[in-house]
Number of protein chains: 2
Amino acid sequence: MPTITDVARRAGVSTATVSRTLNGKSTVDPMLAGRVREAAEELGYHPNGLARNLRRQETAVLALIISDVENPFFTAIARGVEDTAQTAGYSVVLCNSDENPEKERRYIDIALQERVAGVVLSPTDASSSIARLRGTPVVAVDRPLSDCDQVLVDSRRAAREATEHLIGNGYARIGCITGPTGVRTADDRLAGYRDAVGGASPLERRAEYRAGGGRRAAEELLACSPDALLVGNSSMAVGVLEALGKAGLRSGRDVGVVAFDDAPWATLIDPPLTVIAQPAREIGAEAARLLLARIAEPDRPPVATTLRAHLIERGSSRK
Amino acid sequence: MPTITDVARRAGVSTATVSRTLNGKSTVDPMLAGRVREAAEELGYHPNGLARNLRRQETAVLALIISDVENPFFTAIARGVEDTAQTAGYSVVLCNSDENPEKERRYIDIALQERVAGVVLSPTDASSSIARLRGTPVVAVDRPLSDCDQVLVDSRRAAREATEHLIGNGYARIGCITGPTGVRTADDRLAGYRDAVGGASPLERRAEYRAGGGRRAAEELLACSPDALLVGNSSMAVGVLEALGKAGLRSGRDVGVVAFDDAPWATLIDPPLTVIAQPAREIGAEAARLLLARIAEPDRPPVATTLRAHLIERGSSRK
DNA sequence: CTGAAAGCGCTAACAG
DNA sequence: CTGTTAGCGCTTTCAG
């Protein structure tokens with residue numbers, strides 16, 4: 001791979017001139033500039049970003065570490081981050097920690113080693129890996145991280161409201177299927193559910209935030225004949241709905257269902273799924289804004305933004 | 001941020017010793033090694049990957065540039081790539097080109113600049129940006145790229161079979177909704193459709209590979225009263241099904257529907273959606289394997305793998 | 001087994 | 001406006 005020296009030699013100028021031309025920093029004689037560009041073109045020269053960044057001590061790339069690429073909620077966040085980062089001249093690379101603290105740690109280390117300008121993280125656990133991040137701007141999304149910027153959603157309240165909505169619609173034995181213990185959103189959603197039903201209930205189940213988790217939890221819970229279910233996310237909802245179908249139960253009429261996340265398919269099913277829509281893209285956009293702000297001004301106090309989720313009432317929560 | 005020099009000073013050794021200790025390359029006196037590790041720990045030292053890679057002239061990261069993060073087909077590919085890359089000790093960063101050649105170009109440049117070990121790409125167009133990649137191992141997925149390793153799916157045949165399946169089930173006015181001209185999978189799917197219906201048809205529509213595109217195309221096509229629809233991907237299918245619903249048409253009975261990609265929700269709707277399932281994860285895994293092979297042996301001739309999609313017959317293609 | 005020193009490719013003073 | 005030069009932080013000969 002050709003280097004700046006090759007280009008310089010070929011154009012008959014110094015490396016400094018090549019650098020200046022290609023970066024458009026200082027002004028360069030148009031003729032030399034022409035020669036440089038030509039030489040670069042002919043050689044198929046690509047600046048070595050490693051060297052450049054090493055020298056400049058900065059990168060225009062942001063890392064986004066999310067816990068599940070296959071979850072539309074997180075990909076929507078990714079879009080939000082990306083859109084606002086792009087317009088600010090940053091690129092974003094996405095890493096999938098897969099809800100796995102070990103993989104998360106690996107990606108954090110990589111982000112650190114590659115000296116990205118900042119990282120947006122949906123932490124798998126509340127604290128562990130954050131310690132490593134000292135020094136690099138970070139913002140947490142979806143789940144809290146002590147002492148840093150964060151963009152959260154008021155899950156607890158949303159869960160409570162959704163449960164109250166079910167109660168208001170005449171459901172009396174409401175179950176809750178949520179994510180694993182320790183995952184903050186899962187805990188919060190359970191807490192909100194309890195707020196509404198008046199404390200812990202035997203109709204609570206925890207499982208992976210995936211279709212399989214939802215299915216297993218629902219199958220188990222169905223033995224207790226609940227008449228409604230609050231479901232922790234849309235992946236789980238897929239499993240829950242499958243389980244309902246297999247048991248010959250119709251959502252709404254037999255078992256009221258409300259799930260977090262407004263999946264694209266929510267209106268396609270019959271009855272359409274009542275959901276708690278989270279402003280995922282906006283979460284991403286806000287996270288990117290906070291990150292950019294922190295990069296610009298590393299010492300400002302951390303800010304926590306909490307966005308609101310809102311209930312979209314559809315058929316699955318009406319008898 | 002502390003450097004290797006800081007660590008060396010604190011441990012009272014040379015930078016060379018620090019490097020050796022931390023990389024476990026050569027053997028180092030256990031006592032010195034202990035001091036080094038301790039110093040590194042205390043300082044919160046993270047090796048600067050930029051410097052390291054610059055020196056070593058290699059990175060253990062792969063770039064995966066896909067055309068739509070919000071499309072489950074591509075995220076499944078991502079999982080496939082990631083899983084096999086991980087086990088080989090590589091990490092993968094994901095970039096979303098958003099079907100935008102401009103963004104694709106940016107990400108390719110970044111990948112090159114950061115000197116990633118290789119890139120997996122689902123190209124937005126057949127050739128343009130590839131030229132830049134000379135020198136870096138690349139494998140194309142989902143869509144072809146001249147002169148390089150690729151992992152494709154036999155879309156044309158799958159589309160033909162799906163259309164024949166509809167014909168076999170008694171549908172006679174079959175429409176086709178596919179992606180934009182120039183996107184190879186879109187062209188292939190249309191070609192397969194034509195193979196089955198015996199040539200170009202007035203019931204063809206092209207649109208963005210998104211829900212909105214599917215919806216608009218379907219609304220338009222519905223004016224021609226087709227009795228069945230072959231749909232280019234699952235995002236489009238969402239829009240198509242919405243349009244059907246709005247028009248009071250039931251899939252299967254009124255309008256047969258087959259769509260590419262087995263979305264998780266396909267079995268949730270009524271009737272369940274007949275799909276052409278593509279082995280997305282396997283595509284990713286195979287792409288990663290090819291890439292790794294090429295990294296190891298840059299001069300071997302390009303290989304093209306074609307995987308088969310298969311029809312999963314469900315209710316939406318039966319009257 | 002350890003240290004000194006060179007250099008990866010680039011940018012940014014600093015002179016000219 | 002252009003060239004010379006000194007590193008950015010790290011690894012890796014080469015001596016000791």
Side-chain angles (χ1 to χ4, degrees), chain A residues 1-40 43-61 109-117 135-136, chain B residues 1-40 43-61 109-117 135-136:
Chain A
M1 234 175 215
T3 75
I4 199 172
T5 318
D6 300 323
V7 179
R9 186 165 27 231
R10 181 165 190 125
V13 298
S14 73
T15 60
T17 300
V18 176
S19 173
R20 282 192 277 256
T21 317
L22 266 22
N23 292 298
K25 286 296 182 190
S26 170
T27 165
V28 177
D29 182 287
M31 215 195 74
L32 290 194
R35 290 223 307 270
V36 167
R37 258 183 278 275
E38 197 178 337
L43 258 29
Y45 170 72
H46 277 277
N48 184 326
L50 270 48
R52 176 195 308 220
N53 296 334
L54 176 57
R55 180 62 231 238
R56 284 220 194 122
Q57 299 287 47
E58 67 179 31
T59 338
V61 356
D109 279 348
I110 290 176
L112 251 32
Q113 284 178 15
E114 303 299 322
R115 298 296 194 265
V116 297
T136 301
Chain B
M1 231 170 222
T3 74
I4 199 174
T5 317
D6 300 323
V7 178
R9 187 165 25 231
R10 182 167 189 121
V13 300
S14 73
T15 60
T17 302
V18 176
S19 173
R20 282 192 276 256
T21 312
L22 266 23
N23 291 299
K25 287 295 183 191
S26 168
T27 166
V28 176
D29 182 287
M31 215 195 74
L32 289 194
R35 291 224 305 269
V36 168
R37 259 183 276 274
E38 197 178 336
L43 257 27
Y45 170 72
H46 277 276
N48 183 326
L50 269 50
R52 171 191 307 207
N53 296 334
L54 176 58
R55 179 63 230 239
R56 284 218 194 124
Q57 300 286 45
E58 68 179 30
T59 338
V61 357
D109 279 348
I110 290 177
L112 285 174
Q113 285 178 14
E114 303 299 321
R115 298 295 194 264
V116 297
T136 302

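Hydrogens, waters and symmetry mates play no part in the numbers below; they use all other heavy atoms, side chains included. All of these numbers come straight from a predicted model, not from anything done at the bench. Residue numbering restarts at 1 for every chain, and letters A, B, ... go by the order of the sequence lines.
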What is the distance, to the nearest angstrom, from the [atom1] atom on [X] to the [atom2] atom on [N]?
X: E58(A); N: dC10(C); atom1: CD; atom2: P; value: 17 Å
X: N53(A); N: dA12(C); atom1: CG; atom2: P; value: 11 Å
X: L22(A); N: dC10(C); atom1: CG; atom2: C1'; value: 11 Å

Inset, instruction - Report yes if the side chains of E114(B) and N53(A) come closer than 4.5 Å at any heavy-atom pair, otherwise no. - result: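 Touching, per the 4.5 Å side-chain cut-off.
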
Inset, instruction - Determine, step by step, whether R52(B) and N23(B) satisfy the side-chain contact (heavy atoms from CB on, under 4.5 Å) criterion, reporting the C-alpha distance in whole Å, the side-chain angles of both residues, the deciding distance to 0.1 Å, and the verdict. - result: CA-CA 11 Å; R52(B) 171 191 307 207; N23(B) 291 299; 3.6 Å; yes

Inset, instruction - Please report the C-alpha distance between N48(A) and T3(A) in whole Å, then the side-chain angles of each, then the deciding distance to 0.1 Å, and finally whether the side-chain contact (heavy atoms from CB on, under 4.5 Å) criterion is met. - result: CA-CA 8 Å; N48(A) 184 326; T3(A) 75; over 6 Å; no

Legend entry - Pairs where residues 3-12 of chain A contributes a residue and the test salt bridge (charged side-chain N to carboxylate O under 4.0 Å, His left out) is met, not counting sequence neighbours: D6(A)-R9(A), R10(A)-E42(A)

Legend entry - Criterion side-chain contact (heavy atoms from CB on, under 4.5 Å) on L112(B) and T136(B), from CA distance to verdict: CA-CA 7 Å; L112(B) 285 174; T136(B) 302; 3.1 Å; yes

Inset, instruction - Ignoring backbone atoms, test whether T27(B) places a side-chain nitrogen or oxygen under 4.0 Å from the OP1 or OP2 oxygen of dC1(C). - result: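 Yes, because at least one side-chain N or O of T27(B) sits under 4.0 Å from OP1 or OP2 of dC1(C).
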
Legend entry - Spacing of L22(A) atom CG and T15(A) atom OG1 [to the nearest 0.5 Å]: 11.5 Å

Inset, instruction - At under 4.0 Å between heavy atoms, which parts of nucleotides 8-16 of chain D does protein reach? Answer with one letter per nucleotide, 5' to 3': B base, S sugar-phosphate only, - none. - result: BBBBB----

